[in-house]
Amino acid sequence: MGRPRKIESPDMLYDLWEEFKNDCDNQNVLTHEFSSKTGKYVSQELKRCITYTIEGFCVYIKMSRSTFYEIYGNDDKY
């Protein structure tokens, strides 16, 4: 008998996926640009979206991609 699952139900998986998407949609990125008008570099924090990926989701839930597929990939419930 193995360890208990980290994601206990399909509903929990859905909730985690929604949290992950929200996190991806609200990333703050610090950018640096040279201003020819002032002759200085200007730093600005911008809100950026990042692409949703299974690998990114696995990092978000702190699980390796291979473990995710091994446990949940073949389970029809998930």
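No hydrogens, no waters, no symmetry mates; every other heavy atom, side chains included, goes into these values.
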Visitor: Decide side-chain contact (heavy atoms from CB on, under 4.5 Å) for Val29 and Glu45; before the verdict, give the C-alpha distance in whole Å, the side-chain angles of both, and the deciding distance to 0.1 Å.
Guide: CA-CA 6 Å; Val29 178; Glu45 194 167 286; over 6 Å; no
Visitor: Measure the CG-CG distance between Leu16 and Asp11 for me, rounded to the nearest 0.5 Å.
Guide: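 Going from the CG atom of Leu16 to the CG atom of Asp11 covers 11.0 Å.
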Visitor: Should we count CZ of Phe34 as having more than 12 external heavy atoms under 6.0 Å?
Guide: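 Yes, because the 6.0 Å sphere around CZ of Phe34 holds more than 12 heavy atoms from other groups.
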Visitor: Looking at OG of Ser64 and CD of Glu70, how far apart are the two atoms once the value is rounded to the nearest 0.5 Å?
Guide: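 Ser64 OG to Glu70 CD: 8.0 Å, rounded to 0.5 Å.
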Visitor: Looking only at heavy atoms, which two atoms of Phe20 and Phe57 are closest? And how far apart?
Guide: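 That closest heavy-atom pairing would be CZ-N, 3.4 Å.
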Visitor: Find out whether Glu19 and Asp23 are in side-chain contact, i.e. whether some heavy atom of one side chain is under 4.5 Å from a heavy atom of the other.
Guide: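 No, too far: nothing below the 4.5 Å cut-off.
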Visitor: Indicate yes or no: at least one non-hydrogen side-chain atom of Arg5 is less than 4.5 angstrom from one of Asp75.
Guide: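 A side-chain contact exists here, since the closest heavy-atom pair is under 4.5 Å.
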Visitor: State plainly whether one hydrophobic cluster holds both Tyr69 and Tyr78, where clusters connect Ile, Leu, Val, Met, Phe, Trp and Tyr through side-chain heavy atoms under 4.5 angstrom apart.
Guide: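 Yes.
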Visitor: Might you point out which heavy atoms bring Thr51 and Cys24 nearest each other, and give the distance in Å?
Guide: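 Heavy atoms only, the tightest pair is O-SG, 4.4 Å.
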Visitor: Looking at Cys49 and Asp25, what are the two nearest heavy atoms and their distance?
Guide: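 Minimum heavy-atom separation between Cys49 and Asp25: SG-O, 3.7 Å.
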Visitor: Give the minimum heavy-atom separation between Cys58 and Phe68, together with the two atoms involved.
Guide: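 So the two residues come closest at SG-CB, 3.6 Å.
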Visitor: Kindly give the heavy-atom pair with the smallest separation between Ser43 and His32, and that separation in Å.
Guide: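 That would be OG-ND1, 2.7 Å.
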Visitor: Can you tell me how far CD1 of Ile54 sits from CZ of Arg65, rounded to the nearest 0.5 angstrom?
Guide: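 With rounding to 0.5 Å, CZ (Arg65) is 9.5 Å from CD1 (Ile54).
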Visitor: Inspect the contact between Lys21 and Glu18 and indicate whether a charged nitrogen and a carboxylate oxygen are less than 4.0 angstrom apart.
Guide: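 Salt bridge: yes.
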Visitor: Shared ILVMFWY cluster between Ile71 and Ile61, side chains joined below 4.5 angstrom?
Guide: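 Cluster IDs for Ile71 and Ile61 match.
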Visitor: Does any N or O in the side chain of Tyr72 come within less than 3.5 Å of the main-chain N or O of Thr67, such that one atom is a donor and the other an acceptor?
Guide: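 Absent.
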Visitor: Applying side-chain contact (heavy atoms from CB on, under 4.5 Å), run through Ile7 and Tyr14 and close with a yes or a no.
Guide: CA-CA 10 Å; Ile7 303 170; Tyr14 177 79; over 6 Å; no
Visitor: Which atoms form the tightest heavy-atom contact between Lys6 and Met12, and what is the distance?
Guide: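 Heavy atoms of Lys6 and Met12 come nearest at O-CE, 3.5 Å.
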